[in-house]
*Asks:* 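Please find one structure pasted underneath; my questions will follow.
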4 protein chains.
Amino acid sequence: MTLNRRQREKKERRSVFLMAAKAVFAEKGFDAATLDEIANRAEFSKGAIYGYFKDKDDLFISLIEEGLNKLSMIIRSVVESPLPPIEKIKELIKSVLAYFDENKEFFRIFTPERGGFTDKKHPRVAKRILPKWNDNIGFVTEVIKDGIEMGVFKNIDPTTLTNALFGLVQSSISRWIMEGRKGSLKRDAEVITTIFLDGAKLQ
Amino acid sequence: MTLNRRQREKKERRSVFLMAAKAVFAEKGFDAATLDEIANRAEFSKGAIYGYFKDKDDLFISLIEEGLNKLSMIIRSVVESPLPPIEKIKELIKSVLAYFDENKEFFRIFTPERGGFTDKKHPRVAKRILPKWNDNIGFVTEVIKDGIEMGVFKNIDPTTLTNALFGLVQSSISRWIMEGRKGSLKRDAEVITTIFLDGAKLQ
Amino acid sequence: MTLNRRQREKKERRSVFLMAAKAVFAEKGFDAATLDEIANRAEFSKGAIYGYFKDKDDLFISLIEEGLNKLSMIIRSVVESPLPPIEKIKELIKSVLAYFDENKEFFRIFTPERGGFTDKKHPRVAKRILPKWNDNIGFVTEVIKDGIEMGVFKNIDPTTLTNALFGLVQSSISRWIMEGRKGSLKRDAEVITTIFLDGAKLQ
Amino acid sequence: MTLNRRQREKKERRSVFLMAAKAVFAEKGFDAATLDEIANRAEFSKGAIYGYFKDKDDLFISLIEEGLNKLSMIIRSVVESPLPPIEKIKELIKSVLAYFDENKEFFRIFTPERGGFTDKKHPRVAKRILPKWNDNIGFVTEVIKDGIEMGVFKNIDPTTLTNALFGLVQSSISRWIMEGRKGSLKRDAEVITTIFLDGAKLQ
DNA sequence: CATGAATGAGGATTCATTCAT
DNA sequence: GATGAATGAATCCTCATTCAT
């Protein structure tokens, strides 16, 4: 699909808005972020946003979707590789942390707001975001399932195990953000891997 | 400390507002929650809130503080018990999950907003909440430290280990909330304990 | 008219509120002054005010009335004395300035708000205050009239002359207040007398 | 400086708001005036005000500043003319009264609130307004000083003399406003001139 | 009478969204 | 398409007034 100049420019401009929005949402959160500030940072007028996004919700959702799509690709590429389950898990931890290391702002937006993606508060947001997030969890769950069937993982409900893994990753990122992003996230990959696979206890 | 009727009523009413606020903040998040709705749910007028709390921020902070205080007490009572470190960890997981099991809404408020407690967004909130949270982390870290010194835990940075433990707990609660709070959280205590102590891998 | 204890206490308490109100109105102006602050300063509860005054307006009016009554008495005692007109004018300037010197706050309240005593804004205030103020002007005007008839004052409309005299006095007090009340108002009495009687020009 | 249509319209609209605000502030005073009423009178929405003024304070201050700037120009043009001091004073009285004759509302706003421009009540207002007002006083004081040095005015503190002159002018305007603005202010110029220069006493 | 909690009517301000140019 | 001014709904907060105790 080749785009003409018009279409190319449109796509670029949309991306400018997304980047501006990412910075502002990351700093202020969804509610406190204003379209004014986003427009300023994008160096366009406020009205122009509506040429690319239906409304504030849509801008926000698009941002999250974009981030989750990239994350899905990373996860799928690992999951679909020919590695054995344990290696896949190691690789997943490494590459997911690397992804956030390079996309700090996305996590900064996604994590705190995720709890708010309920039908009560943002039905439209929930409807578009949650399935994508569940996809990711699903991919990893398959790996765990394989591992259980192959006898390399304990026979624990795979979804629960996956959830635990995501919790470990997430807490690592959270801390890194709250402590002011010193050092690299990659440092934590080893520890998470150890705990998840071998536990904290000295055998 | 015996209170007269006036003081008793005042305390009760403050509690009514806190409960109403807890419900609304849990459902909507800090920004989207309105004092109108909180007052309605408390069956008082909006203005009455200001007799008990300085402003919206103060109401929110008081709520979180109350929850964190209770949590601190639970954690401390375990930490200060004469159990060996591993038993303390098992007990911590069990009792913290039990606490949230009985205080679902607190978690629902605390977790998503936690990422937003930065100096940028809510300096006043951050100043009053973060120290309390760090206290809790500190208590648990001491247990881990003891365990490492006694040779029962791997020699990993204790803060990182604590953080991982909190991540496991948190992800368990998150899932439970997002899936509509079916079943009991206590069910997860065993899995978390297993993973944290022994890892997911079959040895 | 002798008062029993009840009535005496009531009168005293009313006076306590008036003094508190005077201080607060002087500092903040009518609109920005709150009954809360007045009650605090009076060391009574907010509700108690309503036992002595119909409402905020009434409290304010009572205050002004009290001040204007005292001023009237001073002016009348001079006007009704057996002095010749010019001496009466000298005496008026001296005693009015002395009155404000000792009742700074009253002027601080009365002057800035006076312009607002229109039927549009505070019909009730206007109705009770303006006649009293006009009385004072009337007394002085009589002195001027006498002086004109006796040939000691120029044949200028007496009300205009009186108004000019009040302007001189008022500007002196205003300046004294705005400059932070340094020195004594009495100092200005001589200058005002000179200007009003002999003009600024060297003859 | 040529303005394009946009800029011209913006300037015009700002002026529409200022005129509406002038009318409302004149009638109600600063505190009792509402942005709602100002917006209504300007035939714009309340929110539109914020496109032209930072807040209510700023709207008010801008109004006063505009008025004081015009007044300054009038005063300066007289002060800087080559007339002898006495003629300057005559001219000042005439032209200042003429200015207020044509800008009744400005005086109506400026005078009653002036006493409230203290640091306690409106620090921001005080900071922007008082210096401008003091400039005006300063210009006239120079004239008086010159007159004293030239031996045409009595050797009285020039600032006190200026203050007295402003008091005479102000009381004239006040009366004219409170009596419902019958007749012309210019009528009073002669009386004020007479009193200030020659006094009320028949020599 | 005094108290002080509750009321509820405002008012200033913000901001997503619309729309004429 | 981009602009930026206007809109107006929404929200926090204040405070005079009332009233049960």
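Just so we're on the same page: letters track the sequence lines, and every chain starts at 1.
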*Asks:* In whole angstroms, how far is the P atom of dT17(E) from the CG atom of D58(A)?
*Replies:* 10 Å

*Asks:* In whole Å, what is the span from the CG atom of N40(D) to the C1' atom of dG11(E)?
*Replies:*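 Those two atoms, CG and C1', are 14 Å apart.
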
*Asks:* Starting at atom CG of D31(A), determine the distance to atom P of dT11(F), rounded to an integer number of angstrom.
*Replies:*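 Atom CG in D31(A) sits about 11 Å away from atom P in dT11(F).
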
*Asks:* For dA20(E), give its Watson-Crick or G-U wobble partner with both distances under 3.5 Å, or none.
*Replies:*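 Result: dT3(F).
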
*Asks:* Roughly, in whole Å, what's the span from CD1 in I49(A) to P in dT18(E)?
*Replies:* 13 Å

*Asks:* With respect to the phosphate group of dG4(F), does any side-chain polar atom (N or O) of K46(A) fall under 4.0 Å of OP1 or OP2?
*Replies:*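 False: K46(A) side-chain N/O out of range (4.0 Å or more) of dG4(F) OP1/OP2.
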
*Asks:* Does dC1(E) have OP1 or OP2 under 4.0 Å away from a side-chain N or O of R13(C)?
*Replies:* no

*Asks:* Any base atoms under 4.0 Å from A33(D), or only sugar-phosphate, or nothing? Heavy atoms, all strands.
*Replies:*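 The answer is sugar-phosphate, as A33(D) gets under 4.0 Å only of primed atoms, P, OP1 or OP2.
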
*Asks:* To the nearest 0.5 Å, tell me how far I38(B) CD1 sits from F17(B) CZ.
*Replies:* 10.0 Å

*Asks:* Does the Lys NZ or Arg CZ of K10(A) fall within the cation-pi geometry relative to Y52(A) - under 6.0 Å from the ring centre and within 45° of the axis?
*Replies:* yes

*Asks:* Has Y52(C) got a side-chain N or O lying under 4.0 Å from the OP1 or OP2 atom of dC1(E)?
*Replies:* no

*Asks:* Considering only dT13(E), dC13(F), dT17(F), which nucleotide approaches the side chain of K56(C) most closely?
*Replies:* dT17(F)

*Asks:* When all nucleic acid strands are considered with a 4.0 Å heavy-atom cut-off, which category describes T34(A): base, sugar-phosphate, or nothing?
*Replies:*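 T34(A): backbone/sugar contact only, no base atoms under 4.0 Å.
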
*Asks:* What is the distance, rounded to the nearest whole Å, between atom CG of D55(A) and atom C1' of dT18(E)?
*Replies:*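 It is 13 Å, rounded to the nearest whole Å.
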
*Asks:* Looking at K10(D), I'd like to know whether one of its side-chain N or O atoms comes within less than 4.0 Å of OP1 or OP2 on dA5(F).
*Replies:*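 So the side-chain polar atoms of K10(D) do come within 4.0 Å of the phosphate oxygens OP1 or OP2 of dA5(F), strictly under.
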
*Asks:* Ion pair present between R128(C) and D58(C), side-chain N to carboxylate O less than 4.0 angstrom?
*Replies:* yes

*Asks:* On DNA chain F, does the nearest nucleotide to G47(D) precede the nearest nucleotide to D57(B) from the 5' side, or the other way round? Give the residue.
*Replies:*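 The 5'-side residue here is G47(D).
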
*Asks:* One pair to check against side chain to side chain contact (heavy atoms under 4.5 Å, CB included): L18(B) and L59(B). What are the steps and the verdict?
*Replies:* CA-CA 7 Å; L18(B) 282 172; L59(B) 173 55; 4.1 Å; yes

*Asks:* Between P on dT14(F) and CG on L35(B), what's the gap in Å once rounded to a whole number?
*Replies:*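 Value for this atom pair: 11 Å.
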
*Asks:* May I ask you to check if K56(A) and F30(A) form a cation-pi contact, with NZ or CZ under 6.0 angstrom from the six-membered ring centre and within 45° of the axis?
*Replies:* yes

*Asks:* Rounding to an integer number of Å, can you tell me how far L59(D) CG sits from dA12(E) C1'?
*Replies:*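 Those two atoms, CG and C1', are 12 Å apart.
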
*Asks:* With heavy atoms under 4.0 Å as the rule, sort A42(A) into base, sugar-phosphate or nothing.
*Replies:*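 Nothing, no heavy atom under 4.0 Å.
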
*Asks:* Rounded to whole angstroms, how far apart are CD1 on I38(A) and P on dT17(E)?
*Replies:*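 Interatomic distance, CD1 of I38(A) to P of dT17(E): 11 Å.
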
*Asks:* Do K28(A) and E37(A) meet the salt-bridge criterion of a basic N to acidic O distance under 4.0 Å?
*Replies:* yes

*Asks:* Indicate, with a heavy-atom threshold strictly under 4.0 Å, whether G51(D) touches base, sugar-phosphate, or nothing.
*Replies:*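 Contact class for G51(D): none.
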
*Asks:* If you check every side-chain atom of A48(C), which of dA16(F), dT17(E), dA2(E) has the closest atom?
*Replies:*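 Of the options given, the side chain of A48(C) lies nearest dA2(E).
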
*Asks:* If you only use heavy atoms from C-beta on, which nucleotide in dT17(E), dA2(E), dT7(F) is closest to the side chain of F44(C)?
*Replies:* dA2(E)

*Asks:* Are Y50(C) and dC1(E) close enough that a side-chain N or O sits under 4.0 Å from OP1 or OP2?
*Replies:* no

